[in-house]
Structure formats: C-alpha cells, structure tokens
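Take a look at the structure set out below.
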Amino acid sequence: MPPSAPATSKRGSAKAATERVAGIALTHPDRVLWEGQGITKRDLARYHEAVAGHLLPHAANRPLTLVRCPGGSGTSCFFAKHPWAGLDPAVEAVRVGDDEAVAVRDPAGLVALVQAGVLEIHPWGATLADPERPDRLVIDLDPAEDVGFDAVRAAALEVRGRLEAAGLVGFLKTTGGKGLHVVAPLVPRAGWEEARAFAAALAGSMEHDAPSRFTHASRKAERTGRIFVDYLRNTRGATAVAPYSPRARPGAPVATPLAWDELTPGLRPGDLTVATVPARLAGSTRDPWEGFAAAARPLPTSLERGATPRSSRSPPPPASRGGASRGA
DNA sequence: GTTTTTT
DNA sequence: AAAAAACAACGCCGC
DNA sequence: GCGGCG
C-alpha cells in the first residue's frame with residue numbers, strides 16, 4: 001500500500017455528510033436553529049414534510065416573502081423576496097408584474113427553503129394565477145405589551161362577528177407571538193384597493209365603537225392598553241405569516257390554525273411549536289380549517305355605509321402595474 | 001447560505 | 001486554502 | 001423625504 005495514499009482523506013472523514021430530505025440536499029443537517037429546543041435543520045425539514053399537506057394550500061403558488069436566518073433563530077436574520085444565488089430549482093423564480101418573486105409548489109420546495117436558511121414563510125394573499133385579486137383577507141390583532149390575552153380572544157370574536165355581518169367567514173390562527181389572525185377566504189374578484197378599503201373600514205369601525213380597546217394606528221405610542229387592528233396586510237405586496245409557518249423566535253412557535261371552539265381561556269399559543277404541531281395534526285381527525293376553500297365569498301362592495309358606486313361589473317384591477325396590461 | 005474578494 | 005466581506009425587502013402612515 | 005412599523 002502506497003504510503004502516499006492518504007489513509008483518511010475527505011472521503012469518510014469527520015465531515016458531516018449532507019443528507020437528503022424530500023429529495024433535497026441538506027447541508028449542516030445537525031445545525032441547531034432553535035437553541036432552546038435543540039431543533040435542528042433536519043428537524044425543520046422533517047417538520048415541513050409533515051405539515052406540507054396543510055401548509056401548501058395557503059403558501060404554494062403565491063409570491064413569498066421569506067425570513068432567512070442561516071445561523072439559526074438566535075442570529076441575525078434578513079428578508080428575501082427575490083430569487084437569490086444558488087436557488088434550488090425546487091423553488092421557482094417567477095415574475096409578478098414588474099418584479100421577480102419566488103414561489104414553491106410542493107414539499108420539496110419547502111425543504112429547499114429550509115436548506116436556504118428560511119425560518120418563516122409569508123405568502124401574498126393572492127395567487128400567481130391572479131396576483132391582482134386577493135383570495136383572502138387578513139385581520140391581524142396585535143396587542144400592546146400591557147394587554148392580556150383574554151382581550152385578544154375577545155377581539156378575535158369581535159372581528160369574526162363583523163366579518164360575518166358582511167357575509168364573510170372568518171378563520172382563526174395564532175401568529176406565533178402574542179396576537180391572533182382572523183382570515184376570511186375570498187372569491188378573487190375585487191382588487192387590492194377594495195380589499196384595503198374594506199379592511200380599513202372594519203378596523204376603523206372597531207376603533208370607533210371601542211376606542212379604549214382598539215386602534216388602527218400603527219404607532220406604538222397610540223397603542224398602550226389597546227389592540228392594534230392591523231388592516232395593512234391587505235395591500236398589494238403585503239404579506240402575513242402563513243398558516244403552519246414557524247417563527248424565528250425563542251421557543252420555535254408556529255402560526256397555527258385553530259377551530260373557534262379552541263379559543264378558550266386556557267389557550268396557550270406558545271405551546272404550538274415545531275415540536276408539537278405535527279403530533280397535533282396527526283392526532284386529530286378534524287382539520288381546524290376544514291371548509292376554508294368552500295367558505296370563500298366575494299368581498300362585499302362596502303362594509304356598511306359609504307358604498308362606492310361604480311358600474312357593478314367594471315374591471316376590478318385597472319392594474320396600474322405590469323407594463324402591459326392588455327388593455328380592454 | 002452563496003458568491004466574491006482579500007490575505 | 002482559509003478567512004473576510006458583501007449580499008439577501010418593501011409599502012403605508014404620519015409628520 | 002424621513003422615522004416608525006410590521
């Protein structure tokens with residue numbers, strides 16, 4: 001045996017081999033992404049495999065804004081919304097109007113995001129097929145530091161009731177933080193401007209009726225003791241965290257869909273994590289958001305007053321974008 | 001996490 | 001060859 | 001236009 005032959009070369013040495021999940025090569029599979037829970041990159045990839053069936057209906061084939069933290073949740077993170085160097089083919093580079101965006105369509109796409117260091121997934125409220133017409137409305141309830149969770153629960157019910165009064169069906173999810181989201185599926189007909197106006201009117205009416213409880217102003221100083229009813233998720237290019245997306249925060253919390261009867265005093269959103277949510281899904285025969293797609297309704301023309309008289313069937317989005325709106 | 005530049 | 005640096009979003013609101 | 005905000 002030639003002594004020159006390196007007995008232990010790169011081959012079979014200490015270097016951790018990359019491995020595959022859902023067909024995607026994962027480098028540094030043992031890297032810990034959430035220190036407190038010891039959740040690794042491999043764990044996160046398997047999490048996505050487990051929840052893909054529930055996550056993809058809300059995140060696939062939509063423009064995405066991503067939160068990437070290659071070194072883990074405790075390190076510096078950055079947003080990404082454009083295709084990047086080294087992008088895996090399982091992640092699609094797409095054109096939306098004048099901009100380039102990224103999208104996924106299957107579990108491999110989700111795992112490819114994990115490989116890129118993505119911890120959070122924030123999809124548009126519209127699909128690639130019809131990016132100018134939102135197919136969901138999101139009301140984000142964000143409590144000030146000094147507001148208890150019981151008030152947030154009450155606020156969610158309040159939003160649900162107001163949506164219902166407008167003919168829409170609200171679905172509930174945790175955000176992974178201290179707030180809640182109420183999401184209403186829409187038949188994509190109205191444009192972003194109408195969606196924004198509707199959500200603003202809803203938030204405004206809540207503040208009008210209970211100014212001590214709600215504000216629709218985002219300034220922190222305006223919020224003390226109140227819940228910020230954030231309607232700005234409903235503008236073109238804006239996003240809200242996806243159902244079943246993890247958050248890059250201590251504890252590895254997950255934005256988790258809930259049935260309305262789960263909105264109890266004992267609810268602890270922090271218990272819904274990358275570690276616990278897969279078991280919750282596997283152990284329950286019922287999807288908390290069952291019927292979501294079937295509940296889609298067109299956005300009402302107006303919330304209650306201030307109807308915007310327009311020819312009823314005029315083109316929804318004049319689409320001030322996309323250079324070439326094949327103009328009628 | 002990837003790519004490019006510097007030592 | 002190893003280390004360091006550069007890069008990775010954006011729109012709305014109020015002033 | 002700039003800072004605050006998510």
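Every chain is numbered from 1, with letters handed out A, B, ... down the list of sequences.
Picking from D/dC5, C/dC12, C/dC10 the nucleotide with the shortest atom distance to the side chain of A/R223 gives D/dC5. Of the candidate nucleotides C/dA9, D/dG6, C/dC12, C/dC12 has the atom lying nearest to any side-chain atom of A/T235. Taking every side-chain heavy atom of A/D140 into account, D/dG6 is the closest of C/dA9, D/dG6, C/dC12. Distances from the side chain of A/R233 to the nucleotides C/dA8, C/dC10, D/dG6 place D/dG6 closest. The side chain of A/H82 has C/dC10 as its nearest neighbour among C/dA8, C/dC10, D/dG4.
Each of A/S76 and A/G237 was assigned the nucleotide of DNA chain C with the nearest heavy atom; the assignment lying further toward the 5' end belongs to A/S76. Looking at which nucleotide of DNA chain C each of A/W84 and A/A217 is closest to, the 5′-most match is held by A/W84.
In this structure, the NZ atom of A/K81 is 13 Å from the P atom of C/dA8, given to the nearest Å. Nucleotide D/dG6 holds its P atom 16 Å from the CD1 atom of A/I139, rounded to whole Å.
Judged by distance alone, the side chain of A/D88 and the main-chain N or O of A/V91 form no donor-acceptor pair under 3.5 Å.
Extent of DNA chain B lying under 4.0 Å from chain A heavy atoms, first and last nucleotide in 5' to 3' order, is B/dG1 to B/dT3.
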- Query: How far apart are the C-alpha atoms of A/R196 and A/E193, what are their side-chain angles, what is the distance that settles it, and do they pass the salt bridge (charged side-chain N to carboxylate O under 4.0 Å, His left out) test?
  - Reply: CA-CA 5 Å; A/R196 193 208 99 273; A/E193 180 49 40; 2.3 Å; yes
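Going from the P atom of C/dA8 to that of B/dT3 covers 15 Å, rounded to whole Å. If you take atom P in D/dC5 and the same atom in C/dA9, they sit 23 Å apart, rounded to whole Å.
In this structure, CG in A/D142 is found 7.5 Å from NZ in A/K220, a value given to the nearest 0.5 Å.
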